[in-house]
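Each chain gets a letter, A, B and so on, in the order the sequences are listed, and its residues count up from 1.
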Amino acid sequence: MNEASGKGLHLDRVVIGLAGRELLALDRSIAPGKVLTVMGPSGSGKSTLLAFLAGFLDPAFTATGRVLVDGEDVTDLPAQERHMGLLFQDPLLFPHLSVGGNLLFGLDPALPGRHARRKAVEAALAEVGMEGFFDRDPATLSGGQKARIALLRTLLSRPRALLLDEPFSKLDAGMKDQVRALVFAEAAKRELPVLLVTHDPLDAEAAGGPLVDLAAGKAT
Amino acid sequence: MGAPLRSRAIAGSEGAATRRGGSRLVLFPAAIFALLVGPVAAGLLGAALPAFGYLPVIGAERLSLAPFEALFAMPGIWRSSLISLAAGLGTTFVAFLIVAAFIAGWHGTRLFRRLARLVSPLLAVPHAAAAFGLAFLIAPSGLLLRAVSPWPSGFERPPDWLIVHDTAGLAMMAGLIVKEIPFLFLMALAALPQAEAVPRLKAARALGYGRMAGFAFAVLPALYRQLRLPVFAVIAYASSVVDVALILGPTLPAPLAVRILEWQADPDLSLRSVAAAGALLQLAVTGAAILLWLALERLLAGLAMAAMAAGWRFRADEPLRCLAAAAMGLAVFLVLAGIAALALWSVAGLWTFPNLLPAGFTLSAWSRLGEALAVPLANALLIAALSSALAVALALGALEYEVRAGVTPTVRALVALYLPLLVPQIAFLFGLDILFIALRLDGRLVAVVLSHLVFVFPYVLLSLADPWRAFDPRYRQMATGLGRSADAFFWRVRLPMLARPVLTAAAIGFAVSIALYLPTILIGAGRWPTVTTEAVALSAGGDPRAIGATALLQALLPFIGFALAGLLPALLFRRRAAMRAVA
């Protein structure tokens, strides 16, 4: 089970506790392009798990175990050097920047040159069917469009894994399927391991991967 | 004006991984602590030494109680102290009563919202301008008496009444009350959501309590807890005010703080040590006022408990509600009408009693003063711009540190923040001046700006803290996940997104600095005249046109700051709908 040296995201005997009480324990691997779904009621520590993986764990919590990405131990790396792409319930687009400005903020700085960077962003917009949206005000987008821009912003930063914190829960039913499909397709295409935290069984079903239920305290 | 600092856990603090980023920023809270506590401590020490006989400038180097003996031998010293004590307690009690009664009687109504909108800008009106405006209204030759003369009052000439500068200090208290009402009201508005006003009031009224009683029993205790420090600040201010006292206050004897300033400015240097002893007496007077207030708190809380235990519901509170609205409305009216009176006088030609309007209008006062006011205007703008910019920079650093290091503000930090507002200005500015003289800094711009900063910074931080702490921490987490550093996030996301509250905080700091009288005149050693010091200086003269023009200019300056703070984001983000909506 524990292929620490292999590709993907590895949670190596991760145990998170609060005030001496064990909150959750997880020992799992997520292969590139695959999705691990973590379910559980609020308070079960779902978001705490994501915070630990992304590097934001509140000092009130204690955590043991290692986090490895493609064999590299990132447990002690500062958050901005882990390259864990996060998506939340809300798209959290920056309201003071244009759509293009939001994407440029995300775009991997390894790509130099103003012109080249704009080109890359415009190409990415075209890929999700939003050609010509570069100068748009994010406030004028529909819910589904905002979700796509949020996904794009994360993907452009070349993350090594995706951490999803109920990213579909606020979308209306029709949009939900579409965005969900897009996220999983992009992750598969880029061979990104995905950890999805949700309480919607339909999310888990659509993800198609293994499921961990924190409430039941056991994996299925 | 923001709500008082609260101990609020910061959601999703960013933990060990980014702790490194916080380490440089730790300098900010340290600098601020030094900035707030340092001058107060140094200033009090600087007053204590000469007060006990140590003042090498005049050859006094032996400890003695002579300064205190000289102080207590001053004519009318006890009366001066008593006036200061009464002004501190009376102002605060009346202003608090009106604010509390108005909120109790009208919270949630349309009248409440309308008046709230009207009151907010009044906070920016400097005390001196409001005091002059009030004087122009209530003086025997003032607009109020003109309105009823010669009919029905029967006066053909102004009666010989001592209204302004009355010996009991009632006019001074009135001037303070109309200015402290907006302050306490806005502080209360900011605290109301935390006091769960709406649900608690509903519950109380469902139990059959009248509107005001329900508020007093169910909401006020929680609200008052958060208003306590602002209330103490009002006591400290009113019991030691100088500019309003010079404009409206009694003269024979004057309130204690005014007399200290006179002794300090006296060419006879031996009076310096008397002034120092007076500064300590002022500290005691303000302290006594706060202690008496604490006793009053107990008494009122006990009475309320007794009334509640007796089961009183006070359902018929309609007359009281109307009274509260009338009092609030009168306070707002007096400030607004006062400013109108300033404007009228500044362009008045011949204006004899009892005419309600001048016979003609002229710009002669403005053109006469134009040149004389150029330097004071430039000084005021320079000092206000520098001190508010510095205050904003320090506040941003401190708040960013707080977020990055995941620390919550402590009670100690809260008291330090309020310290310069709780200690009477004259008590520590006097000693601080002695210190600056020793460092050869008195009269320098840097010293004046620093002394302004002490008073500007608390208001800036109070106004900025809530929007800063309310900022969604997920933005930062998401940006960090994108591989962006904390600094990049600060400059490119957090600061622009919070541009509006940052600029509002700067405008508040600007307004505070414009209105400051004592630090400008004491630390500036008279070398940095501002519109405020010029206006107050005119109060001795009795040229109403010059007073009208100068005080009106003083009253308008703060609004330039607020106008810019509103305009700039609207311009910068004119194509971003969400930025216009974000307050």
Side-chain angles (χ1 to χ4, degrees), chain A residues 47-48 50-61 63 74-98 101-110 135-141 150 153-163 165, chain B residues 9-23 403-408 471-503 568-583:
Chain A
S47 297
T48 313
L50 284 194
F52 171 66
L53 297 177
F56 305 116
L57 192 65
D58 192 290
F61 293 94
V74 301
T75 320
D76 297 319
L77 278 184
Q80 68 265 27
E81 281 158 39
R82 294 189 182 196
H83 298 282
M84 299 279 196
L86 282 164
L87 284 176
F88 296 96
Q89 264 180 16
D90 302 291
L92 299 178
L93 299 181
F94 304 132
H96 64 294
L97 298 177
S98 65
N102 268 280
L103 296 177
L104 281 173
F105 186 87
L107 182 62
D108 185 358
D135 290 314
R136 279 281 287 271
D137 179 355
T140 64
L141 303 185
R153 179 173 61 180
T154 298
L155 293 176
L156 284 172
S157 75
R158 292 178 177 274
R160 300 202 286 182
L162 280 186
L163 305 177
D165 193 354
Chain B
I10 291 169
S13 82
E14 279 127 46
T18 46
R19 197 64 60 73
R20 292 182 313 173
S23 60
V403 173
R404 289 194 199 174
V407 288
T408 34
F471 193 82
D472 192 337
R474 294 176 307 168
Y475 277 112
R476 167 98 194 272
Q477 299 178 355
M478 186 268 302
T480 313
L482 296 175
R484 292 293 183 170
S485 69
D487 286 346
F489 178 73
F490 173 81
W491 292 109
R492 294 182 55 180
V493 179
R494 205 196 300 266
L495 196 56
M497 276 180 72
L498 290 172
R500 202 176 281 273
V502 167
L503 288 168
L568 230 65
L571 267 175
L572 283 172
F573 303 118
R574 63 187 177 282
R575 291 169 60 196
R576 301 282 171 256
M579 288 301 290
R580 289 197 292 272
V582 173

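- Within residues 154-162 of chain A, the residues having any heavy atom less than 4.5 Å from a heavy atom of chain B are, in residue-number order, A/T154, A/S157.
- The candidate from A/S98, A/G101, A/A150, A/G106 with the greatest count of non-hydrogen atom pairs under 4.5 Å with chain B is A/S98.
- In terms of the side-chain hydrogen bond (donor to acceptor under 3.5 Å, both in side chains) criterion, residue partners of A/D90 (sequence neighbours excluded) are, by chain and number, A/K170, B/R474.
- Minimum heavy-atom separation, A/L92 to B/M478: O-CE, 3.7 Å.
- Looking at residues two or more places apart in sequence or on another chain, you find a side-chain hydrogen bond (donor to acceptor under 3.5 Å, both in side chains) between A/T75 and A/D73.
- Within the 4.5 Å cutoff, the side chain of B/R576 has no heavy atoms near those of the A/P95 side chain.
- There is no contact between A/F61 and chain B, counting heavy-atom distances below 4.5 Å.
- At least one donor-acceptor pair closer than 3.5 Å links the side chain of A/H96 to the backbone N or O of B/R492.
- When every heavy atom of B/Y475 is checked against every heavy atom of A/L93, the shortest pair comes out as OH-O, 3.6 Å.
- Atom-to-atom distance recorded for A/H83:NE2 and B/L482:CG is 10.0 Å, nearest 0.5 angstrom.
- Every residue two or more places apart in sequence or in another chain that forms a side-chain contact (heavy atoms from CB on, under 4.5 Å) with A/A60 is listed here: A/L18, A/D58.
- Counting heavy atoms from C-beta on, the side chains of A/F88 and B/Q477 come closer than 4.5 Å.
- Looking at A/S47, neither its backbone nor its side chain comes within 4.5 Å of chain B, counting heavy atoms on both sides.
- Between the CG atom of A/D137 and the CE atom of B/M579 there is a distance of 10.5 Å, given to the nearest 0.5 Å.
- Heavy-atom distances place no part of B/A499 under 4.5 Å from chain A, backbone and side chain included.
- With a threshold of 4.5 angstrom between heavy atoms, A/L107 approaches chain B through N, CA, C or O but not through any side-chain atom.
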